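Notes for the one structure printed next.
Residue numbers start from 1 in every chain, and the chains themselves are labelled A, B, ... in the order their sequence lines are given, proteins ahead of strands. All values below come from the heavy atoms of this structure, side chains included, with hydrogens, waters and symmetry mates left out. These figures come from a predicted structure and were not determined experimentally.
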2 protein chains.
Amino acid sequence: MMEHDFFRALADPTRRTIFEKLAAGSMNASALRQGMEISQPAMSQHLAVLRAARLVRERKEGRFVNYEVDPDGLALIAQWLAKYRAYWPARIDALKLLLKDMDQ
Amino acid sequence: MMEHDFFRALADPTRRTIFEKLAAGSMNASALRQGMEISQPAMSQHLAVLRAARLVRERKEGRFVNYEVDPDGLALIAQWLAKYRAYWPARIDALKLLLKDMDQ
DNA sequence: GATACACATAAGCACAGACTTATGTGATTC
DNA sequence: GAATCACATAAGTCTGTGCTTATGTGTATC
């Protein structure tokens, strides 16, 4: 059951924004808040949800906590998606791109 | 914004169960309810959410409505996932499987 | 055309979850 | 060691959403 927390975690648009920011480069919680109009506790709570879903992981650095994308969460999504590969139409460009990238 | 409805749609465990049942074979709403302890309106509402997310589509057959997996929704998930391919560890077996299957 | 059936929609309720303010914790700085 | 900083946690509020019962809509059957 808790293996699919990534869906619930990514269902919230604010958490998707946080995840995308971290995908562009790891940073600490304060830096994540820049330009986001979100309170410090709210950010902390969102990061806790993303952590529980293994989409994000932390590296403590002194009094800062550096956050980065956790590949494990993405792998779980890929595994989930792979179960339904029978339904992927061959024409989908995204899948072709995906295939190309993995080929190298 | 509404292009990521699939996350919200799949965040609910009941809807994931419905989707998985349809992935195993298309059927109508009544058949879906079998062994699920879910009311008829609840099922109808869940199917509406899955439809809105393009994860499921309907084919009207007389007074029955046959539901089936809509590849479009899965393609949207694949597209989203492809954006973060830089973070996929090469060791992940699921991705290798995925690659193999798409290769044919 | 009256009835029964398959499903959708409406309206109301109850709980989950995203937010707030307040406070706690641990590390750095003076 | 007192103050400050980065972040986490607690507790309460409010909105969203998944459920319910009731009713509507369209199709098949008699």
Might you list the N or O atoms of the protein lying below 3.5 Å from N or O atoms in nucleotides 27-30 of chain C, with each pair's distance?
none

Worksheet item: Which of residues 31-40 of chain B have a heavy atom under 4.0 Å from DNA chain D?
Response: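 Here the set is B:Ser39.
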What integer distance in Å separates [X]:[atom1] from [N]:[atom2]?
X       : N      : atom1 : atom2 : answer
A:His46 : C:dA16 : NE2   : P     : 19 Å
B:Phe64 : D:dT25 : CZ    : P     : 21 Å
B:Glu58 : D:dT27 : CD    : P     : 13 Å
B:Leu47 : C:dA8  : CG    : C1'   : 11 Å
B:Leu50 : C:dA8  : CG    : C1'   : 15 Å
B:Lys60 : D:dA28 : NZ    : P     : 12 Å
A:Arg15 : C:dC19 : CZ    : P     : 8 Å
B:Met43 : C:dC7  : CE    : C1'   : 12 Å

Discussion item. For C:dA8 and B:Tyr67 - does any side-chain N or O of the residue sit under 4.0 Å from the phosphate oxygens OP1/OP2?
Written reply: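 Checking C:dA8 against B:Tyr67, a side-chain N or O does come within under 4.0 Å of OP1 or OP2.
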Worksheet item: Any side-chain N or O of A:Arg8 under 4.0 Å from OP1/OP2 of C:dA18?
Response: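 Affirmative; the distance criterion is met.
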Which of these nucleotides, [options], is closest to any side-chain atom of [X]?
X       : options               : value
B:Ser44 : D:dA8, C:dT9, C:dC19  : C:dT9
A:Gln45 : C:dT9, D:dA11, C:dA18 : D:dA11
B:Ala42 : D:dA22, D:dC19, C:dC7 : D:dC19

Worksheet item: B:Ala9 and B:Leu50: which non-hydrogen atoms are nearest, and at how many Å?
Response: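 Nearest heavy atoms, B:Ala9 then B:Leu50: CB-CD2, 4.3 Å.
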Fill in: Nearest non-hydrogen partners of A:Met27 and A:Leu22, listed with the distance
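The pair with the smallest heavy-atom distance is N-CD2, 3.8 Å.
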Worksheet item: Are B:Leu32 and B:His46 side-chain neighbours, meaning at least one heavy-atom pair lies under 4.5 Å?
Response: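 In short, these two side chains do not touch, never coming nearer than 4.5 Å.
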Discussion item. With heavy-atom distances below 4.5 Å as the criterion, would you say the side chains of B:Glu68 and B:Glu58 are in contact?
Written reply: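 Of all side-chain heavy-atom pairs linking B:Glu58 with B:Glu68, none is under 4.5 Å.
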Discussion item. Checking A:Phe19 now: which residues fulfil ring-ring contact (aromatic ring centres under 6.0 Å, His included) with it, not counting sequence neighbours?
Written reply: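 B:Trp80, B:Tyr84.
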Worksheet item: So, A:Arg33 side chain and A:Ser30 main chain: donor-acceptor pair closer than 3.5 Å or not?
Response: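 Not a single qualifying donor-acceptor pair exists.
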Discussion item. Can a donor-acceptor pair be found, under 3.5 Å and without considering hydrogens, that links the side chain of B:Arg15 to the backbone of B:Leu10?
Written reply: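 No, B:Arg15 side chain to B:Leu10 backbone: no donor-acceptor pair under 3.5 Å.
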Worksheet item: Take atom CD in A:Glu37; do more than 12 heavy atoms of anything else shown fall under 6.0 Å from it?
Response: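 No, the 6.0 Å shell around CD holds no more than 12 heavy atoms from other groups.
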Discussion item. Is it true that B:Tyr67 and B:Arg51 share a donor-acceptor pair across their side chains at a distance under 3.5 Å?
Written reply: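 Note: B:Arg51 and B:Tyr67 side chains meet the donor-acceptor criterion.
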